[in-house]
Q: 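One structure follows; several queries about it will come next.
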Amino acid sequence: KAGVTQTPRYLIKTRGQQVTLSCSPISGHRSVSWYQQTPGQGLQFLFEYFSETQRNKGNFPGRFSGRQFSNSRSEMNVSTLELGDSALYLCASTPDRAITDTQYFGPGTRLTVL
Amino acid sequence: DAKTTQPPSMDCAEGRAANLPCNHSTISGNEYVYWYRQIHSQGPQYIIHGLKNNETNEMASLIITEDRKSSTLILPHATLRDTAVYYCIVRVYNNNDMRFGAGTRLTVKP
């Protein structure tokens with residue numbers, strides 16, 4: 001099976017702009033979670049989607065949003081970018097939780113805000 | 001989720017066992033111990049997890065103390081490709097609100 005894929009891999013934006021990141025989970029996986037990783041804060045949970053519904057949410061401002069499509073692919077959006085949003089954004093997918101909740105991470109999208 | 005404490009760095013000779021410790025003294029009864037690793041510029045990779053019994057898979061072994069306040073990840077025969085940052089986290093099963101700390105940077109040397 002192909003792993004979790006994320007696009008784009010690298011992105012450069014300026015303050016005030018918005019950005020959309022995409023994640024395709026492993027085939028058959030229904031849950032997608034998003035994380036932000038920075039050197040100072042480590043890896044922090046953003047939100048989780050399952051069956052097109054947000055199931056869990058971390059402690060991030062409303063500028064960070066996401067959605068999931070019927071094919072389980074997910075997007076996250078960050079509006080009004082700030083310098084502090086520069087980070088590696090990771091997506092992880094999980095198969096049916098009744099079987100396992102092990103998360104499989106993608107390679108990430110490195111966002112740089114200038 | 002409970003907080004974990006790990007040494008910032010460790011070295012290991014290639015072919016030898018790497019033993020990575022983790023303290024989680026405030027772990028709750030329903031929290032599992034998970035280990036992930038992250039090789040530079042890649043996403044974290046799941047290694048192993050356990051609740052209270054020792055666990056082994058094709059990658060590693062996990063030893064959890066009887067009081068569950070600490071654990072050790074064992075890579076039985078470390079290779080150069082095992083050089084990575086290793087994260088120990090504790091979380092409730094099915095709770096994806098995971099926060100990775102600084103982890104342990106393991107360097108495997110020839």
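Order of the sequence lines sets the chain letters (A, B, ...), proteins ahead of strands, with each chain counted from 1. Everything numeric here is computed off the predicted structure, so don't read it as measured data.
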Q: Output side-chain donor-acceptor pairs under 3.5 Å for residues 102-110 of chain B, partner residues at least two apart or in another chain, one line each.
A:
unit_1: B:T104; atom_1: OG1; unit_2: B:P7; atom_2: O; d: 2.5
unit_1: B:K109; atom_1: NZ; unit_2: B:D11; atom_2: OD2; d: 3.1

Q: So, using ring-ring contact (aromatic ring centres under 6.0 Å, His included) as the criterion, who are the partners of A:F69 when residues are at least two apart?
A: none
Q: Using non-hydrogen atoms only, which part of A:Q6 is less than 4.5 Å away from chain B: side chain, backbone, both, or neither?
A: neither
Q: Side chain from CB out, backbone as N, CA, C, O: work out which of these in B:Y87 comes under 4.5 Å of a heavy atom of chain A, or both, or neither.
A: side chain
Q: Applying salt bridge (charged side-chain N to carboxylate O under 4.0 Å, His left out), run through A:D85 and A:K13 and close with a yes or a no.
A: CA-CA 10 Å; A:D85 296 333; A:K13 291 284 188 179; over 6 Å; no
Q: Please indicate whether A:N59 has more than 12 foreign heavy atoms, meaning atoms of other residues, nucleotides or ligands, lying under 6.0 Å from its CG.
A: no
Q: With no hydrogens and no angle check, just 3.5 Å: does a side-chain donor-acceptor pair link A:Y10 and A:R110?
A: no
Q: Checking A:Y35 against chain B: side chain, backbone, both or neither under 4.5 Å from a heavy atom?
A: side chain
Q: Heavy-atom distances under 4.5 Å only: say whether A:L46 touches chain B with side chain, backbone, both or neither.
A: neither
Q: Heavy-atom pairs under 4.5 Å with chain B - which of A:K57, A:Q37, A:Q44, A:Q41 has more of them than the others?
A: A:Q37
Q: Counting heavy-atom pairs under 4.5 Å with chain B, which one of A:G58, A:P39, A:P107 comes out on top?
A: A:P107
